[in-house]
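First comes the structure, then the notes that go with it.
In this text the structure is predicted, and so the values were computed from the model without any measurement. If you read the sequence from its start, that first residue is 1, and numbering goes on from there. Just so it is clear, the values below take in all heavy atoms, side chains as well, and ignore hydrogens, waters and symmetry mates. Remember, it's 1-based here, ligands and their atoms both numbered in the order they're listed.
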Amino acid sequence: MKKELSLIVFAAIVSIWGLLAYNIPFFQYVAANNDAGIGAKILLVGGLSIVMAALNFWVVYLLLFLCRSIGRILVAATQICNAAGVYFVVVYRTILDGTMMENFYNTRWSEASSFFTPMMLLWLVIGGMLPACWILMQRVNYGSWKRFGIVSGTAIGISLLLAGANFNQFLWFGKHDTELGGLLMPWSYIVNSGRLYAQHRAANEQEEILPDATLRPLEEPTAVVLVIGESGRRANFELYGYPRPTNPLLAQRTDIHALPANACATYTTAAVRAMMQPAPSGTLVEALPNYLYRHGVDVVWRTNNWGEPPVHIEEYVTMDELKKQFPEADDGHEGALFAGIKQRIESSKAERVFIVLHTNTSHGAQYTAQYPEQFEVFTPVAHNVEEGVKNIPGLTNAYDNTIVYTDWLLNNLIDSLAAIPGRRTAMIYMSDHGESLGENGLFMHGVPMVTAPKEQYEIPLIVWLNGDWRELRETEEPANSYAIYHSVLDLLGIDSPIYDKQKDIFIYD
Ligand SMILES: [Zn+2]
């Protein structure tokens, strides 16, 4: 222990030890679940080991070089956590994903003591504490800033090069990200703990309360149903000129309006948040359902999706609850989400009703999993994006089937709203964002707005009213996500200082 090691050798030892002692389950998972040929698999696993070794090496080097003793303590502590983590992975056949970390933090120590078997304690000593002691006690020559620069550059260069060489596996990694992320030590528990913390913060984030509104007397009680689509791109809706019959029912209606619109973001969380606030904002502002609920509107939020801003209302209903409530309507997809809307509105005593249905309609990567069998009208289909990369027509067929299913859902909803007597009713359908189906080699969505292709932000906005109690405003500009807030306030006869008639798709009445 007297001999001094250079930081390069020290970090290399820690990194290789980490790979062998804590990350075998990760590589086993890659080898077992990737269906590349044996040669390609060896290249993949080999490449990944080098990338991981290089990155872990660099992190150890960085921590010790920049933070000296504190860095050492952190690296030593991760050995013990890694040892505990890999023990759980191997013995309990679990992965350290967000749910697992949530369980971990919510476990009382009195309950947890049953996990501490002699076998585990032995492994914690050998696999965690011994290496941690060595890390704390080994003398290290830290080297110069110049060497630090060269080492960092080389480690990052090697990682990027090999990551680039395995770029064709990008979609496979995307599909298995939860499992892979939950097996990778120490990143599984560090990243997932961080994400958990961010989630808890977001859920407890105080929203900025918007100025009070006044309610105008209504000529008739009113109900507005907002359907939030998932990854529905405008170009594939027949209503907007797509040459395939993807809207066989809605295209026959003369009482609907299909307006062009642009999403303000290309991923669900940001896009739905934009739909639920009146204008761009750096802070969390009072979301539309919360604002309406505070003003006495009967508000329902049903979801088969996730990622909406915090909704503080009484009737927030998840798909699991809806399936129990409407077992006969459960088609394994969106059926229960759309069930009983007419009855819900009819039974409301409120003058103003607002219902949100947050769907999952066209979510990838497996479009064929998003619709019941009878909606498979375009065939043959590619079953997921991975298959679709080599078979764009098949992928498009599968995606278009999700639009045919959406068409059916919306048409049924409109029919049921039309059958409600004594109330003005309206349906607004807007997709959260669009979707790429192979244009420019892109798939799915999530490209930052500055460079996003139009397929990812051009969305449909379909409007139906049971009569001509509101007219659409004529404008050259396509509407955007923020239009929802203002248009719903208008339909429900709510006067608010935050209302902006330029963003309302209707002529203010
Ligand atoms: Zn989405």
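- Residue contacts to the Zn ion (ligand 1): His433 brings an N, O or S atom closer than 2.8 Å.
- The aromatic ring centroids of Tyr405 and Phe375 lie less than 6.0 Å from each other.
- Between Tyr508 and His486, the distance from one ring center to the other does not fall under 6.0 angstrom.
- Aromatic ring orientation, Tyr291 versus Tyr485: tilted (interplanar angle from 30° to 60°).
- Classification of the His445-His363 ring pair by plane angle, with boundaries at 30° and 60°, yields perpendicular.
- Residue contact annotation: Asn305 places no N/O/S atom under 2.8 Å from the Zn ion (ligand 1).
- Residue-level check: among N/O/S atoms of Glu230, OE2 sits closest to the Zn ion (ligand 1).
- When distances from the Zn ion (ligand 1) to the N, O or S atoms of Asp432 are compared, OD2 comes out shortest.
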